[in-house]
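Encoded as structure tokens, the structure appears first; notes follow it.
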Amino acid sequence: MIGLMWYLMGMLTMGAAWGYVNLNRQYRLSLIANLSLAAVFGFFWICIGWSWASFAEGEPRSGAMGLVCFGLPGLILMSLTWTRLISPNAK
């Protein structure tokens with residue numbers, strides 16, 4: 001089960017890199033936008049890894065807290081990055 005998690009997280013990493021390249025082609029990204037996108041990726045990567053491993057080990061409370069503590073800040077930071085840093089800088 002954990003092997004599947006690492007495989008899917010590798011696919012997520014490659015999908016995020018592909019999405020970043022396409023986003024960088026369409027929008028002019030500043031240093032702050034790049035750092036924010038890296039932080040969003042980190043939050044989501046930790047959220048998925050933590051939650052999947054916790055649910056696989058039979059600790060649903062820890063998995064749910066991982067979703068709340070890492071997934072929610074990732075969503076908030078992603079929406080703020082998009083609305084404040086990326087969309088106003090369209091090419």
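No hydrogens, no waters, no symmetry mates; every other heavy atom, side chains included, goes into these values.
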Specify the closest pair of heavy atoms between [X] and [Y], including all atoms of both residues, with the distance to one decimal.
X	Y	value
Phe70	Trp50	CE1-CE3, 3.7 Å
Ala33	Ile86	CB-CG1, 4.4 Å
Met5	Ala53	SD-N, 4.2 Å
Gly66	Ser51	C-OG, 3.7 Å

Worksheet item: Do Met78 and Phe44 have side-chain heavy atoms sitting under 4.5 Å apart?
Response: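 Touching, per the 4.5 Å side-chain cut-off.
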
Discussion item. Are Phe41 and Thr13 packed together at the side-chain level, in the sense that at least one heavy-atom pair is separated by less than 4.5 angstrom?
Written reply: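 Answer yes - side chains close enough.
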
Worksheet item: In Å, rounded to the nearest 0.5 Å, how long is the span from CG of Leu85 to CG of Leu37?
Response: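 Between atom CG of Leu85 and atom CG of Leu37 there are 8.5 Å.
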
Worksheet item: Roughly how far, to the nearest 0.5 Å, is the CD atom of Glu57 from the CD1 atom of Ile2?
Response: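 Ile2 atom CD1 to Glu57 atom CD measures 6.0 Å (nearest 0.5 Å).
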
Item to complete: List, by chain and then residue number, the residues other than Leu80 in its hydrophobic cluster (Ile/Leu/Val/Met/Phe/Trp/Tyr, side-chain heavy atoms under 4.5 Å); write none if there are no others.
Response: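 Besides Leu80, the hydrophobic cluster comprises Leu72, Ile76, listed by chain and residue number.
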
In terms of hydrophobic clusters joined by side-chain contacts under 4.5 Å, are [X] and [Y] together?
X	Y	value
Met65	Ile46	no
Leu35	Leu77	no
Trp82	Tyr20	yes
Trp18	Met14	no
Leu29	Val21	no

Worksheet item: If you draw a 6.0 Å radius around CG in Leu8, do more than 12 non-hydrogen atoms from other residues or ligands fall strictly inside?
Response: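 It does: Leu8 CG has more than 12 such atoms within range.
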
